[in-house]
Protein chains: 2
Amino acid sequence: MMEHEIFRALADPTRRSIFEKLAAGRMNASALRQGMEISQPAMSQHLAVLREARLVREQKEGRFVNYEVDPDGLALIAQWLAKYRAYWPARIDALRLLLKDMDQ
Amino acid sequence: MMEHEIFRALADPTRRSIFEKLAAGRMNASALRQGMEISQPAMSQHLAVLREARLVREQKEGRFVNYEVDPDGLALIAQWLAKYRAYWPARIDALRLLLKDMDQ
DNA sequence: GAATCGCATAAGTCTGTGCTTATGTGTTTC
DNA sequence: GAAACACATAAGCACAGACTTATGCGATTC
């Protein structure tokens with residue numbers, strides 16, 4: 001189940017930080033490490049987990065590997081969340097406004 | 001961070017199953033165990049984790065404890081997801097339709 | 001073509017966590 | 001009020017996973 005890799009990937013705070021950093025723009029693994037006190041292998045392993053969860057994707061450029069957010073993973077979370085629409089609170093208005101935003 | 005408890009709670013497949021079951025309607029812990037091959041203490045511990053993540057909430061009734069989906073947890077996931085709206089794919093239409101659904 | 005660089009992989013260690021059995025606590029039943 | 005019930009908590013165990021150091025591998029630099 002794809003669902004599983006996604007939630008498992010996001011369960012780790014370090015991986016959430018990495019994902020958040022990538023959301024600000026594509027970056028290679030070394031750049032991601034800046035100000036993060038994490039070893040190079042650790043970063044590589046975290047990126048592998050995020051990649052397998054389809055939360056990020058890679059683009060090889062020479063000896064660099066640029067990573068960026070993969071919309072597929074986010075879409076799968078949205079799908080999962082949608083299953084429980086019956087329980088969404090009224091103040092889901094934020095999400096509603098958000099989608100209106102995308103229309104413009 | 002609330003975010004952490006939520007993703008950690010959902011990282012476990014058994015807990016996701018429990019949550020899914022509760023989404024079908026409120027139920028006490030014993031009813032939840034039906035057809036799940038899980039010990040009573042294990043269920044109790046899983047429910048505690050889900051409760052701390054605000055994904056479910058309890059309602060004590062006599063010697064029974066009924067559990068139900070807590071919209072707060074779902075709202076927090078929606079909020080987290082909303083942070084990455086810039087990366088949502090075009091085919092997020094499902095979500096869009098969903099919200100239209102709620103309007104009726 | 002040797003050295004360096006960016007990254008991945010291997011192997012081992014240590015902590016977190018999901019399970020178990022055992023027991024405790026409050027509620028209902030008889 | 002004793003027994004049965006629904007559930008929580010405690011303690012211990014076994015495995016998953018996040019880290020480390022060491023090494024490998026392709027691309028670039030000189």
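Side chains included, hydrogens not; waters and symmetry mates left out as well; all remaining heavy atoms used. By convention in this document, chain letters (A, B, ...) are assigned in the order of the sequence lines, proteins followed by strands, and residues within each chain are numbered from 1.
Listed by chain and residue number, nothing satisfies the ring-ring contact (aromatic ring centres under 6.0 Å, His included) test with A:Tyr67 (two or more places apart in sequence, or in another chain). Legend: residues meeting side chain to side chain donor-acceptor pair (under 3.5 Å) with B:Gln59, ordered by chain and number and at least two apart, are B:Arg26. Residues satisfying the salt bridge (Lys or Arg N to Asp or Glu O under 4.0 Å) test with B:Glu37, not counting sequence neighbours, are none. The salt bridge (Lys or Arg N to Asp or Glu O under 4.0 Å) search around B:Arg8 returns none, not counting sequence neighbours. Residues satisfying the side chain to side chain donor-acceptor pair (under 3.5 Å) test with A:Arg57, not counting sequence neighbours, are A:Glu68.
The shortest distance between the side-chain N/O atoms of B:Tyr67 and the OP1/OP2 oxygens of D:dA6 is not below 4.0 Å.
Counting only distance, with no hydrogens or angles, the side chain of B:Arg33 and the backbone of B:Ser30 share no donor-acceptor pair below 3.5 Å.
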Per-pair distances, 0.1 Å, donor-acceptor, side chain in residues 38-50 of chain A, under 3.5 Å, sequence neighbours excluded:
unit_1  : atom_1 : unit_2  : atom_2 : d
A:Ser39 : OG     : A:Ala42 : N      : 3.2
A:His46 : ND1    : A:Arg15 : NH1    : 3.2

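The separation between B:Asn66 atom CG and D:dC7 atom C1' is 12 Å, rounded to whole Å. Spacing between atom CD of A:Gln59 and atom P of C:dC7 amounts to 14 Å, rounded to whole angstrom units. With rounding to whole Å, B:Phe7 atom CZ is found 16 Å from C:dT17 atom P. If you take CG of B:Leu50 and C1' of C:dT17, they are 14 Å apart, rounded to a whole angstrom. Separating the CD atom of A:Glu58 from the P atom of D:dG26 is a distance of 15 Å, rounded to the nearest angstrom. Rounded to an integer number of Å, the gap from A:Glu52 CD to C:dA8 C1' is 12 Å. The separation between B:Arg33 atom CZ and C:dT20 atom C1' is 13 Å, rounded to whole Å. Taking atom CZ of A:Phe64 as the reference point, atom C1' of C:dC5 lies 8 Å away to the nearest angstrom.
Taking both residues in full, the closest heavy atoms of B:Leu55 and B:Ile6 are given as CD1-O, 4.1 Å, listed atom of the first, atom of the second, then distance.
For DNA chain D, none of the residues of residues 20-31 of chain A falls under the heavy-atom distance limit of 4.0 Å.
Listed by first and then second residue, the ring-ring contact (aromatic ring centres under 6.0 Å, His included) pairs involving residues 17-43 of chain B are A:Trp80-B:Phe19, A:Tyr84-B:Phe19 (not counting sequence neighbours).
Annotation for A:Lys60: atom NZ does not count as buried by contact number, only 12 or fewer foreign heavy atoms lying within 6.0 Å.
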Can you give one letter per nucleotide of nucleotides 14-23 of chain D, 5' to 3': B if a protein heavy atom sits under 4.0 Å from the base, S if only from the sugar-phosphate, - if neither?
---SSBBBB-

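A:Lys83 places a side-chain heavy atom less than 4.5 Å from the side chain of B:Glu20.
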Can you tabulate the close N/O pairs, meaning under 3.5 Å, that link protein atoms to atoms of nucleotides 28-30 of chain C?
none

